[in-house]
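To start, the structure under review is shown below, and the notes come after it.
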Amino acid sequence: MLYDMKNKVAFVTGAGGYIGNAVARHLASDGAKVAVCDINTETAMKTVDQIRAAGGEAEAFAIDVMSSQSVDAVMAAVVEKWGGVDISIHVAGGSARIAGKDADYCNLVGKGDRCIEIVLGVNLLGALYVSRAAARQMIAQGRGGRIINFSSIVGKNGLVDAVDYAAAKGGVIGMTPALAKELGEYAITVNSVAPGVVSRPKNEQDGPYELETNFLHKKCLADDVADLVSFLVSDKARFITGQTYVIDGGRSLAMKGSD
């Protein structure tokens, strides 16, 4: 079964963020209609504006991936607007910083319940809820699909002061082959993307941190990650499923540096 990106509908969470923005823009440039889903409607609209300015089609949707009710409602709204969903990508996530005032940057013994709940909720429960909603819709449509969830090399190698984040991202890695086995008969592929250190826009020049945490001695940009996603949803990846793709410049070969 070949998979033409033209006129496909892509559901992207965290699409108002740095990496999610790049993923959404790349999918739109490939011809997909993009549901730009984010808890922050202001940043979501910025992504939508960029896509529309480039001639693509997108719509912003407010979503809380920690709530299955919110995820299901937004999925239904996207289906109502465009008639279906062909691509589901869960980018929303992050380590303790996403817990805001409840963030605990410390060993597990010092972390509070709320920080753990939010980190697990957004990264792992969000992946489960979004994947479930997408799978239900794709099975009903009967034309296959693509599901991609974002993990991290921290989920493979671990990191001090980020046990909750490592557990959540490790869970995403573990769910990937299991879900791929369940959905293979429906021509739905399931894969995971595990970035290393991704340089942020504020770092205009190659700084020592970005360069020293990989063996290519280059910065990884959001567009690099989005290129990988574009490949995984393309016809060229039609026979790839159940895999976690590391994109880290070789960092995890020795887990250089720290996050």
Side-chain angles (χ1 to χ4, degrees), residues 1 3 8-15 17 19-20 23-24 27 32 34-39 61-79 82 84-94 98 117-152 155-156 165 167-195 225-226 228-234 237-238 240-245:
M1 173 183 175
Y3 201 81
K8 297 298 182 183
V9 178
F11 186 101
V12 184
T13 70
I19 297 176
V23 168
L27 293 175
V34 183
V36 176
C37 306
D38 202 287
I39 196 168
F61 296 87
I63 193 170
D64 177 2
V65 299
M66 291 179 63
S67 163
S68 63
Q69 291 83 4
S70 176
V71 171
D72 291 343
V74 175
M75 185 67 67
V78 173
V79 172
W82 284 311
V85 169
D86 305 285
I87 299 164
S88 175
I89 304 176
H90 179 59
V91 185
I98 64 173
E117 289 167 359
I118 292 174
V119 172
L120 288 174
V122 175
N123 291 284
L124 182 54
L125 291 182
L128 289 166
Y129 293 154
V130 172
S131 295
R132 182 177 66 181
R136 287 171 172 169
Q137 179 61 33
M138 291 173 184
I139 291 171
Q141 291 168 181
R143 58 176 186 255
R146 301 282 196 269
I147 294 176
I148 297 174
N149 291 299
F150 267 60
S151 180
S152 165
K156 294 174 67 70
Y165 183 62
K169 291 306 191 182
V172 172
I173 292 171
M175 70 176 272
T176 299
L179 188 58
K181 292 176 181 180
E182 292 185 354
L183 299 181
E185 65 179 289
Y186 303 104
I188 300 169
T189 65
V190 183
N191 292 292
S192 172
V193 171
V225 181
L228 173 57
V229 172
S230 290
F231 166 72
L232 290 173
V233 301
S234 74
R238 70 185 186 89
I240 298 173
T241 194
Q243 306 304 310
T244 292
Y245 281 81

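In this chain, numbering begins with 1 at the start of the sequence shown.
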Notebook entry, point to check: Do L128 and M175 have side-chain heavy atoms sitting under 4.5 Å apart?
Noted result: yes
Item checked: Distance, nearest 0.5 Å, that separates CG of L124 from CE of M66 -> 11.0 Å
Check: Can you name the side chain to side chain donor-acceptor pair (under 3.5 Å) partners of Q243, sequence neighbours left out?
Finding: none
Next item on the list: Quick one: which residue pairs count as a side-chain hydrogen bond (donor to acceptor under 3.5 Å, both in side chains) with a foot in residues 123-136, not counting sequence neighbours?
Entry: N123-K169, S131-N149
Notebook entry, point to check: What closest approach, in Å, do A10 and A32 show between heavy atoms, and which atom pair accounts for it?
Noted result: CB-CB, 4.3 Å
Check: Hey, what do you get for CD1 (I98) to CD1 (I118), rounding to the nearest 0.5 Å?
Finding: 7.0 Å
Margin query: Looking at every heavy atom in both V78 and A35, which two are closest together, and how far apart are they?
Written below: CG2-CB, 3.6 Å
Next item on the list: Check A15 against V36 and note the closest heavy-atom contact, atom names and distance.
Entry: CB-CG1, 3.4 Å
Next item on the list: Please identify each residue that fulfils side-chain contact (heavy atoms from CB on, under 4.5 Å) with S70, with sequence neighbours left out.
Entry: I63, D64, S67, V74
Next item on the list: Write down the atom of S192, the atom of T176, and the distance for their closest heavy-atom approach.
Entry: CB-OG1, 3.4 Å
Checklist line | Nearest non-hydrogen partners of A127 and V172, listed with the distance | finding: CB-CG2, 4.1 Å
Checklist line | Separation of I240 CD1 from Y245 OH (nearest 0.5 Å) | finding: 3.5 Å
Next item on the list: Using atom types as modelled and distance alone, determine if a side-chain donor or acceptor of Q141 lies under 3.5 Å from a backbone N or O of V85.
Entry: yes
Check: Below 4.5 Å, heavy atoms only, C-beta onward: do L27 and I89 meet side chain to side chain?
Finding: yes
Note to self: With a 4.5 Å cut-off on side-chain heavy atoms, are M75 and F11 touching?
What the structure shows: yes
Next item on the list: Go through the structure and list residues passing salt bridge (Lys or Arg N to Asp or Glu O under 4.0 Å) with E182, not counting sequence neighbours.
Entry: none
Note to self: Distance check, rounded to the nearest 0.5 Å: L179 atom CG versus N191 atom CG?
What the structure shows: 10.5 Å
Margin query: If I take atom OG from residue S88 and atom CE from residue M138, how far apart are they, to the nearest 0.5 angstrom?
Written below: 5.5 Å
Note to self: Could you work out, with side chain to side chain donor-acceptor pair (under 3.5 Å) as the rule, every residue matching T13, not counting sequence neighbours?
What the structure shows: H90
Next item on the list: Would you please name every residue forming a side-chain contact (heavy atoms from CB on, under 4.5 Å) with A135, sequence neighbours left out?
Entry: I147, L183
Next item on the list: Measure across V119 and G94 and return the closest heavy-atom pair with its distance rounded to 0.1 Å.
Entry: CG1-O, 4.1 Å
Notebook entry, point to check: Taking it one step at a time, do R146 and L232 satisfy side-chain contact (heavy atoms from CB on, under 4.5 Å)?
Noted result: CA-CA 8 Å; R146 301 282 196 269; L232 290 173; over 6 Å; no
Check: What residue among V193, V12, V233, L228 forms side-chain contact (heavy atoms from CB on, under 4.5 Å) with V23?
Finding: V12
